[in-house]
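Let me begin by presenting the structure, written as structure tokens, before commenting on it.
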Number of protein chains: 4
Amino acid sequence: MPAASSPPRRPRSGNRRDEAARLAVLHAADDLLVEHGFGALTVEAIARRAGVAKQTIYRWWPSKVEILLDTLIEDSNKRLPVPTEQPTAESIRGYLRGFARFLTRDTAGKVLLALIAEAQRDPGTAKSFHQRYLGPRREQERDMLARAIEAGEVSPGLGPDATMDALVGPIVYRALTGSSIPRGLVDTLVEDLLRPHKPRHTRT
Amino acid sequence: MPAASSPPRRPRSGNRRDEAARLAVLHAADDLLVEHGFGALTVEAIARRAGVAKQTIYRWWPSKVEILLDTLIEDSNKRLPVPTEQPTAESIRGYLRGFARFLTRDTAGKVLLALIAEAQRDPGTAKSFHQRYLGPRREQERDMLARAIEAGEVSPGLGPDATMDALVGPIVYRALTGSSIPRGLVDTLVEDLLRPHKPRHTRT
Amino acid sequence: MPAASSPPRRPRSGNRRDEAARLAVLHAADDLLVEHGFGALTVEAIARRAGVAKQTIYRWWPSKVEILLDTLIEDSNKRLPVPTEQPTAESIRGYLRGFARFLTRDTAGKVLLALIAEAQRDPGTAKSFHQRYLGPRREQERDMLARAIEAGEVSPGLGPDATMDALVGPIVYRALTGSSIPRGLVDTLVEDLLRPHKPRHTRT
Amino acid sequence: MPAASSPPRRPRSGNRRDEAARLAVLHAADDLLVEHGFGALTVEAIARRAGVAKQTIYRWWPSKVEILLDTLIEDSNKRLPVPTEQPTAESIRGYLRGFARFLTRDTAGKVLLALIAEAQRDPGTAKSFHQRYLGPRREQERDMLARAIEAGEVSPGLGPDATMDALVGPIVYRALTGSSIPRGLVDTLVEDLLRPHKPRHTRT
DNA sequence: CGGTAACCGAGACGGTACGTCGCGTCTTCGA
DNA sequence: TCGAAGACGCGACGTACCGTCTCGGTTACCG
């Protein structure tokens, strides 16, 4: 009786894109980044870990950066949504605290930091990162801020982009330099930058 | 006087370290970073450009990161000294404006950004970067801030480190994301974060 | 039919070992050895000459010695077969003359000399050289000798291995020391060592 | 009074060649060859082992081959002199047995094998090896043989060079291929090649 | 008897080759 | 038509020795 035991391989996809392979790649990339750092994140390692051929990766993603962008976009929409209800000073503070937590605790936060870093090395990465992540998200943040101002909840002394950068910058910077982000930092930023009591010089 | 000019080979070093080679390496690294980005910054390219053997680089620097750190430390001490005279709110603003200019205009600024990025990929880089650059510089900045507070020049709502990060973070963040740094941003940061008029909750 | 001729790149191998690359490496190694000597036979030079990546060489051969062994085995089976028909004193003399010609005229002879030499430098080479070349060939030679003795064609005063070494040794030694190999040498060796007319002391 | 102990360094030579250094180099080369094989015999290793600067080696020897030649010439004159008394068949057999022992047991034998090998890689080595070692020694051997013939002690069927090669070749060949050299081999070679009883065809 | 010439140890230097790793492209084969 | 597998050309990695070159210090000879 021949047909003893064939290796228990998962059913291959055939004609259509293999969703299991796609997820395996995304998770493998994520895991490797967290476990061994960006330096060890090679396409070959991802393929090995995901049990997938290198070509399968190159077929669907132009570079490993795009893999990370996929996971980052998915995760940060899911776990760090920009408040869309009528925003208050309080909800903005909440968003920033969430952002701080995201950067320091969530694995997706590492991905964001890695992409900021990678954007410094390669112009292509920078462009893609802006178009697919930073730009859209900033759009939403700008909207949040604009509506809060309109409602009289906050009155920043700077234009919307500069204000967001002034709020987000310190948080990102501490994450990049490996420092923790104390609660008081976020509170004070919000307090000082969103509720000033005297007129300002310029707007940017 | 028989033979006028012998072949103009530069005198080799002999037993001692060759200062000309050291400088050639530092400049080559700098130039390549600015011209082609960190991605193209290979040890072999540096050696080629500097007209130096690869081994000469490895003899003196454990990695290309240390080369960049050498140039960064030298350049930023020279071109962006932390104010040591009795500091005023004004001199702090000047320092931050200088920092913004350094990051966006000076080639050494690119080096700083590249090192921040590289520190995300490799823990060893991160450690060295902190010990040799971030730590010492922060020390000086803390001192500057402390003396300004003591003199009643400024009264930040946060502890010294958090305050510095709140000031520096936005500038770095905009540089990392490729934005320009408007004058008003620095002014407003100084105004809002260093001269608050009411008591704060926490200090960090 | 729009575009006539696309760039004439040779079709790459895909999944299977590239036979063209294998041959290119073997020939390149052979050519370089003959043209510039073993000293100039570096893996990089072979790769360059063969138009092949270094890694392709290391993928299939553990060292350049194994490349040479491959060519040597192939060539000496082809151009210097050990007589397998019922051997006579005459055919043995013919084999030895062929061997002398092989060593001095054939490029593969240079390979053999180079491998004998290299075996002195590195024990690994020595082992491989014995197992893959010297051993099997000696096996055949022993067989040839045994059957000639059995047939009463020759009656050497030594055991088979020692006899073969006594015949082959002078030829190899002259090749190693760069002397020519006169016809009379081979004849006399055969005459004196294979047809002695009185009893001998020992056998080895 | 403190003046503890200055390092007990051996007195340096000053103006004249340092005999101690010369010997240290020769012995270091010999030892390294025997211990780790020719492959590990680098000039740097010799210098290290001999406690000598590299330049001191290059000042006195054009290459490491010449170092080995120095030791080989000295040792083989001392431990394997060519018989100069009126030679007999017996004394020639003794010389060949001594040669076999020299090749397999004496460290200088390894040096000889290494030089034969190295001569295959580099023409310069070959030339030097012939001029300084093989040539002179063969001269003496030829002389030994000629006088033995003249005295009617032996009557080889070949010319002097070919005869010597026929005697020495098998011994060298077995040493090169890592075989032992049985007593019977030497005896039979002498018997068959030096005392033939019928006329020969050619002389070389 | 002081100057100088040749030595020696040490070790930096410009090179070449080593054997390894990952890149992104390619081809084969099976589902 | 896709996916697993994996060979391929390429180029950088960090290391080992090569042979050349000062350097600073030590005699021994010579003027």
Side-chain angles (χ1 to χ4, degrees), chain A residues 9-18 20-22 40-47 50-60 62-64, chain B residues 9-18 20-22 40-47 50-60 62-64, chain C residues 9-18 20-22 40-45 47-48 50-60 62-64, chain D residues 9-18 20-21 40-48 50-60 62-64:
Chain A
R9 39 188 163 144
R10 68 166 149 93
R12 291 250 214 96
S13 66
N15 201 349
R16 288 273 175 271
R17 174 164 187 182
D18 186 342
R22 191 187 133 257
L41 191 70
T42 70
V43 173
E44 306 218 318
I46 297 173
V52 140
K54 249 196 316 179
Q55 187 56 38
T56 300
I57 295 181
Y58 283 111
R59 188 163 10 243
W60 299 108
S63 77
K64 66 188 169 196
Chain B
R9 48 191 165 118
R10 77 161 144 98
R12 283 247 226 104
S13 63
N15 204 2
R16 292 268 173 274
R17 175 164 188 180
D18 186 342
R22 192 189 129 255
L41 190 68
T42 68
V43 174
E44 302 217 318
I46 297 173
V52 141
K54 231 188 338 173
Q55 187 58 46
T56 298
I57 295 182
Y58 284 110
R59 185 159 23 238
W60 299 108
S63 75
K64 64 189 169 196
Chain C
R9 46 189 165 124
R10 77 163 145 98
R12 282 245 227 105
S13 63
N15 204 3
R16 292 270 173 272
R17 176 164 188 181
D18 187 342
R22 191 188 130 256
L41 190 68
T42 68
V43 173
E44 302 216 319
R48 218 148 38 219
V52 139
K54 228 186 342 171
Q55 186 58 46
T56 297
I57 295 182
Y58 284 110
R59 196 177 354 257
W60 300 108
S63 75
K64 65 190 169 195
Chain D
R9 40 185 165 145
R10 70 165 147 95
R12 288 252 216 95
S13 64
N15 206 356
R16 287 273 174 268
R17 175 164 188 181
D18 186 342
L41 191 68
T42 68
V43 173
E44 304 219 318
I46 297 173
R48 219 147 40 216
V52 140
K54 247 196 316 179
Q55 186 56 37
T56 299
I57 295 182
Y58 283 111
R59 188 168 8 246
W60 299 108
S63 76
K64 65 189 170 195

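Protein chains get the first letters and strands the later ones, always in sequence-line order, with residue 1 at the start of each.
- Separating the CD1 atom of Ile57(B) from the P atom of dG15(E) is a distance of 12 Å, rounded to the nearest angstrom.
- Atom-to-atom, CZ of Arg17(C) to C1' of dC8(F) comes out at 12 Å; the value is rounded to the nearest Å.
- Comparing atom distances between the Ala53(B) side chain and each of dC17(F), dG14(E), dC8(E) picks out dG14(E) as nearest.
- For dA7(F), neither phosphate oxygen OP1 nor OP2 lies less than 4.0 angstrom from any side-chain nitrogen or oxygen of Thr56(C).
- Looking at the side chain of Arg48(C), the nearest of the listed nucleotides dG3(F), dG24(E), dA17(E) is dA17(E).
- The nearest pair of heavy atoms linking Ala40(D) to Ala45(D) is O-CB, 4.0 Å.
- Rounded to a whole Å, the CD atom of Glu44(B) is 5 Å from the C1' atom of dA12(F).
- A cation-pi contact, defined as under 6.0 Å to the ring centre and within 45° of the axis, links Arg17(D) to Trp60(D).
- Judged by closest nucleotide on DNA chain E, Leu41(C) is the one of Ala45(A) and Leu41(C) placed further toward the 5' end.
- Between the CG atom of Asp18(D) and the P atom of dA28(F) there is a distance of 11 Å, rounded to whole Å.
- If you measure from atom CG of Asn15(D) to atom C1' of dT27(F), you get 7 Å, rounded to the nearest angstrom.
- What separates CD1 of Ile46(A) from P of dG22(E) is a distance of 12 Å, to the nearest Å.
- Between the base of dG9(F) and the side chain of Lys54(C) there is no donor-acceptor pair shorter than 3.5 Å.
- Applying the 3.5 Å distance criterion, the base of dG6(F) shares no donor-acceptor pair with the side chain of Arg16(C).
- As a whole-Å value, the separation of Tyr58(B) OH from dG14(E) C1' is 16 Å.
- The shortest distance between the side-chain N/O atoms of Trp60(C) and the OP1/OP2 oxygens of dC8(F) is below 4.0 Å.
- Applying the 3.5 Å distance criterion, the base of dC26(E) shares a donor-acceptor pair with the side chain of Gln55(A).
- Between Ala53(B) and Ala47(B), the closest heavy-atom pair is C-CB, 4.3 Å.
- If you check dG9(F), dT27(E), dG14(F) against the side chain of Val43(B), the one that comes closest is dG14(F).
- Summarising the geometry of Val43(C) relative to Lys64(C), their closest heavy-atom pair is CG2-CB, 4.3 Å, with the distance given to 0.1 Å.
- As a whole-Å value, the separation of Arg59(D) CZ from dA5(E) P is 16 Å.
- Put simply, NZ on Lys54(A) and OG1 on Thr42(A) are 9.0 Å apart, with the number rounded to the nearest 0.5 Å.
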